[in-house]
Structures are given as structure tokens and as C-alpha cells.
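Structure first, commentary second.
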Amino acid sequence: MYDFGTTTWYLCLETGWYYNGGGDSAISIGYDINRACGGDHWYANNTGSYAQDIGGTWRGGWIPSGNEWIAGSGLAAGKPPAEPKRSATEAIKLGEVRLGSPTGPKLTAAQLQPRPGTESSRRSLVPVPGITVTSPGR
């Protein structure tokens, strides 16, 4: 989430890893961003997807989204403020994303985009209200 007062991107929601061990071809994670982080903010998603090959090597990577305006109740009908000058993608690369608030500790790209099975991929930094996970055929 982006804080205009401090011009800082910070992590307000982390779903953690969900593993698909049943052979399904997809898994879907859903949440209400307004409930989790509040509306009337610029957001960016940072999504990772990995698959383990027959030799046990994890293959995949992370894709940060572009900036997305999420209206809450206050500015839902109004025009959003200008986009942040620095994208979340740039902030991740530069190690400028903070944990939990605009004044929280800085997170490295490796912490924000861990590979499966690494210590940093097991962290649970922010409580996640209202997460739903679905998988086809279940």
C-alpha cells in the first residue's frame, strides 16, 4: 500500500504460501483488500508462482503488478490522486518497501519475493482477515 504523507510503499497484507499438493492445475486466493488494509489507497500486488519439477527443483518467479487505485468509502465516486512517482516494482528492487506501516523496518527484495522452502518463505508477518482459498474440483 502507498502512503502519500511519507511517499512510502509498505506491506499491509501477506497471504503466505499455499501449496497445491493434490494434482489440481490451479489454486486461487481471494481477499477483501478494503477489509484487510482500508480503501482510498494506491496498491500493488506482488504475486509469486512456483512449481517443483520431477527432479525437485523449484521453477517460477514473482510478478509485481502495476499501481492500482482501490477506492474505499471516502473517494469511491471521486477522482483518485495522482499515481505514486515510484512504482512498487521499483521500491521492491531498491529495498524501500516497509513492513506493516510507513515507518516499519525496510524489507529486501529477497524477503518480499522468497523462493519456496527458504526460511523467509515461512514467515507470517501480517494477520490476514477473510482469506479464501479455492482449488478446482474441490
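Values below: all heavy atoms of this structure, side chains included; hydrogens, waters and symmetry mates excluded. In this text the structure is predicted, and so the values were computed from the model without any measurement. Counting begins at 1 with the first residue of the sequence.
What you find for Tyr43 and Cys12 is that their closest heavy atoms are CE2-SG, 4.0 Å. When every heavy atom of Gly95 is checked against every heavy atom of Lys106, the shortest pair comes out as O-CD, 3.5 Å. Nearest heavy-atom pair across Pro84 and Asn67 is CD-ND2, 3.8 Å. Scanning both residues, Thr8 and Pro102, for their nearest heavy atoms gives CG2-O, 3.8 Å.
For the pair Trp69 (side chain) and Glu83 (backbone), a donor-acceptor distance under 3.5 Å is absent.
Following chains of ILVMFWY side-chain contacts shorter than 4.5 Å, one cannot reach Leu112 starting from Ile63, and the two form parts of different hydrophobic clusters.
Sorted by first and then second residue, the salt bridge (Lys or Arg N to Asp or Glu O under 4.0 Å) pairs with a member in residues 87-98 read Arg86-Glu96; sequence neighbours excluded. Applying the salt bridge (Lys or Arg N to Asp or Glu O under 4.0 Å) test to every pair with at least one member in residues 43-72, sequence neighbours left out, gives these pairs: Asp53-Arg59.
Taking the side chain to side chain donor-acceptor pair (under 3.5 Å) definition, one finds that Thr7 meets it with nothing, sequence neighbours left out.
Put simply, the side chain of Pro81 reaches to within 4.5 Å of the side chain of Trp42, judged on heavy atoms. Counting heavy atoms from C-beta outward, Thr47 and Ser65 have side chains that stay 4.5 Å or more apart. At a threshold of 4.5 Å between non-hydrogen side-chain atoms, the residues His41 and Tyr2 do not count as touching.
A distance of 14.5 Å separates CG of Leu107 from CH2 of Trp9, quoted to the nearest 0.5 Å. If you take CD1 on Ile92 and CG on Asn46, they are separated by 4.0 Å, rounding to the nearest 0.5 Å.
More than 12 heavy atoms of other residues, nucleotides or ligands shown are found within 6.0 angstrom of CG on Leu94.
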